[in-house]
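Below is one structure, written out as structure tokens; comments come after it.
Protein chains get the first letters and strands the later ones, always in sequence-line order, with residue 1 at the start of each.
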Number of protein chains: 4
Amino acid sequence: MPESRQTQPTDEKGEKTTEAATAPRRRQARGERRIAQLLQAAAGVFCRTGYAAASTNAIAREAGVSPGTLYQFFPNKEAIAVELGGRLLHDAHEMHGQAFLPENLHKPLPELLDAVLDPVIAFNCENPAFWALMHGSGVPGIQQEHEELHTSLLTRVEDVLRSFCPDSTPAELDLVSNMILGIFKASLDLILATEGAERAAYVAELKAVLLRYLEPMITEPHPL
Amino acid sequence: MPESRQTQPTDEKGEKTTEAATAPRRRQARGERRIAQLLQAAAGVFCRTGYAAASTNAIAREAGVSPGTLYQFFPNKEAIAVELGGRLLHDAHEMHGQAFLPENLHKPLPELLDAVLDPVIAFNCENPAFWALMHGSGVPGIQQEHEELHTSLLTRVEDVLRSFCPDSTPAELDLVSNMILGIFKASLDLILATEGAERAAYVAELKAVLLRYLEPMITEPHPL
Amino acid sequence: MPESRQTQPTDEKGEKTTEAATAPRRRQARGERRIAQLLQAAAGVFCRTGYAAASTNAIAREAGVSPGTLYQFFPNKEAIAVELGGRLLHDAHEMHGQAFLPENLHKPLPELLDAVLDPVIAFNCENPAFWALMHGSGVPGIQQEHEELHTSLLTRVEDVLRSFCPDSTPAELDLVSNMILGIFKASLDLILATEGAERAAYVAELKAVLLRYLEPMITEPHPL
Amino acid sequence: MPESRQTQPTDEKGEKTTEAATAPRRRQARGERRIAQLLQAAAGVFCRTGYAAASTNAIAREAGVSPGTLYQFFPNKEAIAVELGGRLLHDAHEMHGQAFLPENLHKPLPELLDAVLDPVIAFNCENPAFWALMHGSGVPGIQQEHEELHTSLLTRVEDVLRSFCPDSTPAELDLVSNMILGIFKASLDLILATEGAERAAYVAELKAVLLRYLEPMITEPHPL
DNA sequence: GATGAATGAGGATTCATTCAT
DNA sequence: TATGAATGAATCCTCATTCAT
């Protein structure tokens with residue numbers, strides 16, 4: 001487990017900013033930097049070669065440190081992926097908060113799709129490692145994060161869906177939400193694999209698919 | 001390609017073709033069986049652990065033979081995956097031929113979706129290794145097979161699409177076909193992950209998605 | 001041990017040339033052919049790759065038989081080399097008998113060198129495997145043959161030498177004979193590595209070296 | 001070339017060059033020692049079993065380290081042989097510089113032979129692996145070193161020869177030089193296989209052979 | 001006798017992880 | 001802490017040899 005997670009020794013008392021307190025803090029700062037450096041390197045390597053084929057030595061090399069240093073911060077290879085996944089997951093959660101703003105629920109479907117999908121797509125374009133990691137590592141620790149992510153997203157999608165089709169059974173909601181997520185992921189692959197106008201076209205197409213899929217289900221007339 | 005495919009050495013004595021030809025054939029039959037056995041074992045291991053994490057020794061063990069035996073028929077690990085992929089690909093191509101029958105083109109969209117999707121889904125349910133292999137092995141030989149499969153499917157989908165929307169530009173056709181394939185693959189994941197009624201529900205949902213996505217594009221009125 | 005060496009079941013009585021006796025003989029003949037075929041193949045492979053790097057499967061393939069067949073005639077890889085070495089050794093001994101004819105001892109040195117060296121060189125040019133095998137296999141069985149060959153040659157050379165320098169001590173004889181053999185082997189490498197005029201030049205040079213080396217040692221005036 | 005040769009990463013902090021530079025240097029020193037240790041072990045194993053039969057595990061065991069350690073310094077088995085050959089080659093070149101001093105050219109032949117042969121023989125007696133490696137490994141990398149060595153020696157011998165027989169054609173020089181080298185190598189085998197007085201006797205005999213072989217060719221009268 | 005499949009120990013090499021400095 | 005050498009189990013693959021047919 002990375003040191004960054006260790007409960008910092010209640011340093012918030014603020015007193016005694018003398019050497020005895022400054023040195024550890026500086027060290028911790030350096031540690032944070034190292035961890036960030038290592039995670040960024042890991043992100044790059046995972047993206048390029050996938051989790052399984054990524055060697056810890058390669059990650060250390062990419063980060064410009066020795067393998068020993070890597071193991072000073074992470075107990076093993078999986079922990080790196082889990083921590084990286086965790087951080088990205090955290091950012092993703094925050095981003096999802098922005099995307100699924102309650103006020104969006106009252107927009108008509110096309111605008112809601114824009115409001116939700118655009119930031120999610122943007123996030124994934126900026127953090128390609130996220131998708132690469134979550135996809136298929138086969139590692140329990142990450143699998144769990146993936147499921148966490150999936151469940152969280154599923155819940156959010158179901159919430160939106162419920163506001164549009166209040167009469168649906170939970171089973172229906174689950175079914176449709178999973179389809180939506182699946183369609184989204186599939187499109188994300190195409191979006192991440194392209195650039196510029198083509199990418200934009202896939203984004204538009206994704207929205208079209210979802211719009212046409214969902215429109216007939218809407219039972220609750222939305223304002224405007 | 002396994003070595004057993006080598007042209008059998010035409011015994012020059014020529015006498016007693018019954019006995020002289022039966023023995024080699026029987027031996028070849030044993031080899032064929034071993035190959036099938038090994039490929040089936042490989043399918044299982046690949047399915048469970050993925051290509052990269054699958055060890056040749058594990059495959060041999062699963063097949064109940066020694067590692068040396070495996071290498072009597074396959075020069076290396078990749079060759080196993082390529083041969084397995086090739087065989088499944090072959091079966092897939094045949095199945096696609098059935099699924100995309102020319103006569104299906106004249107059916108209305110819902111029936112066409114049934115006619116095309118049902119056999120493809122059935123095939124994938126019966127050969128889960130196919131999807132696992134084609135997905136992400138990172139191995140050149142399989143990558144190529146995957147692309148071959150993808151291109152072949154893309155072409156077939158485009159052909160269908162063109163008959164429905166003759167006015168579309170090639171770029172549009174390509175875009176939409178890729179979306180269709182993506183949606184199909186995403187749904188396939190869900191379908192393969194479920195069973196019974198739930199699986200059937202996902203199948204139905206997939207058809208609904210495609211139907212609603214494609215219906216507005218139809219420009220060519222189909223009979224009835 | 002090859003069957004060819006097994007004491008043939010006293011078949012020389014000559015009686016009963018009927019089927020009961022003919023069949024075995026034919027079988028034995030076939031075995032002899034197989035052995036010759038295998039040894040020839042082994043000679044080729046040993047020549048090309050050396051003993052250590054030569055695989056029994058490669059020898060079998062070169063001979064056009066299966067590995068199992070090879071082991072029907074030879075118990076292991078070494079036995080092939082030993083038998084091959086033994087046969088070549090046998091031929092070499094015969095050839096040496098021709099080269100070291102007693103009458104040659106009375107020729108003047110230059111002619112004696114021609115008489116001895118020419119057939120030996122010819123033999124080695126025709127049987128390059130001989131030299132390759134004898135050289136450096138590291139295998140006990142062959143090592144022994146090599147020593148046998150070496151000793152036999154050494155004795156012959158010493159005999160010649162003694163007739164030229166009857167006053168030499170045994171130690172001197174041994175020393176000089178070893179030098180002569182060494183010079184011969186070194187030159188043989190050069191001779192086998194070249195062709196045509198260049199080869200002839202090396203042969204001439206070898207004789208020159210030996211002539212000049214030995215001439216000053218001659219104490220016994222030879223006739224004519 | 002072992003990885004340890006990589007340029008040390010110029011620590012950018014620059015402070016305390018005493019401590020900051022000593023630690024890496026010490027580590028590098030350890031690496032150097034390991035490499036030397038491994039090469040010495042390899043020399044022993046190659047000498048005993050030859051290159052092909054030498055296993056990397058055996059070399060590591062002989063060096064008292066784990067197989068992984070060996071691969072920290074050498075990328076593969078061949079690299080060990082090449083590096084070992086390279087180092088010995090380097091030493092040999094230096095030694096040849098001493099042996100073929102220009103001033104030796106003006107000595108009479110017997111003294112020149114002493115001046116040249118004695119150090120070369122001494123070197124080979126002290127580094128028996130050199131000869132073992134250069135002889136017959138079949139590995140491209142070493143083959144090349146062997147040829148390099150051979151060419152270098154050939155050139156030096158031709159130079160000496162030319163000063164003695166200025167009228168010889170290049171072809172003659174090449175022929176004779178190759179013979180000289182061949183005789184030398186053959187004698188070296190005998191010298192390395194013996195000890196004490198016997199070894200000295202072979203050395204003397206080698207000189208006698210060369211002296212008698214070359215004397216008649218001398219056209220240029222040397223001083224004294 | 002012949003075949004070729006089967007065996008399994010052994011060899012080269014990699015890589016996650018630990019340790020001395 | 002940082003380093004990079006050290007470890008050794010695990011992997012892919014080879015090949016001499018045996019066995020069933």
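Contact record, Val45(B) with Ala54(B): CG1-CB, 3.5 Å, taken as the closest heavy-atom pair.
Residue-level contact check: Ala53(B) touches neither bases nor backbone, having no heavy atom under 4.0 Å from any strand.
Distances shown here put every side-chain N or O of Arg33(D) at or beyond 4.0 Å from the OP1 or OP2 atom of dA5(F).
The separation between Phe74(A) atom CZ and dT1(F) atom P is 14 Å, rounded to whole Å. Regarding Glu78(D), its CD atom lies at a distance of 13 Å from the C1' atom of dA12(E), rounded to whole Å. Rounding to whole angstrom units, OH of residue Tyr71(D) and P of dA9(F) are separated by 17 Å. Nucleotide dA5(E) holds its C1' atom 13 Å from the CD atom of Glu32(B), rounded to whole Å. Atom CD in Gln72(D) sits about 13 Å away from atom P in dC15(E), given to the nearest Å. Following rounding to the nearest Å, Leu70(D) (CG) and dG11(E) (C1') show an atom-to-atom distance of 13 Å. To the nearest angstrom, P of dA16(F) lies 19 Å from CZ of Phe73(C). The distance between atom CD of Gln37(A) and atom P of dT1(F), rounded to the nearest whole Å, is 15 Å.
Between atom CG of residue Leu84(A) and atom CD of residue Glu145(A) there is a gap of 8.5 Å, rounded to the nearest 0.5 Å. Within the model, atoms CG of Leu38(D) and OH of Tyr71(D) stand 11.5 Å from one another, a figure rounded to the nearest 0.5 Å. Going from atom CG of Leu70(D) over to atom CD1 of Ile80(D) covers 4.0 Å, rounded to the nearest 0.5 Å.
Position along DNA chain E of the nearest nucleotide to Pro67(C) versus Lys77(A) favours Pro67(C) as the more 5'-ward residue.
Qualifying side chain to side chain donor-acceptor pair (under 3.5 Å) partners for Gln37(C), counting only residues two or more places apart in sequence or in other chains: Arg34(C). Annotation: side chain to side chain donor-acceptor pair (under 3.5 Å) contacts of Thr69(C) (sequence neighbours excluded): Ser66(C). Partners of Glu62(C) by salt bridge (charged side-chain N to carboxylate O under 4.0 Å, His left out), not counting sequence neighbours, listed by chain and number: Arg48(C). Applying the side chain to side chain donor-acceptor pair (under 3.5 Å) criterion to Gln144(D), with sequence neighbours excluded, gives no partner residue.
Relative to the ring axis of Tyr51(B), Lys77(B) places its NZ or CZ within 45° and under 6.0 Å from the centre.
Between the P atoms of dT21(F) and dG1(E), the separation comes to 22 Å (whole Å).
Closest contact between the side chain of Ser55(A) and the listed nucleotides dA2(E), dC15(F), dA16(E) involves dA16(E). In this structure, the nucleotide among dT3(F), dA5(F), dC13(F) sitting nearest to the side chain of Thr69(A) is dT3(F).
Annotated stems with DNA chain E as a participant read E:2-21 with F:2-21, given as range with range, by first number; only runs of 3 or more Watson-Crick or G-U pairs under 3.5 Å qualify.
Within residues 56-66 of chain A, the residues having any heavy atom under 4.0 Å from DNA chain F are, by residue number, Val65(A), Ser66(A).
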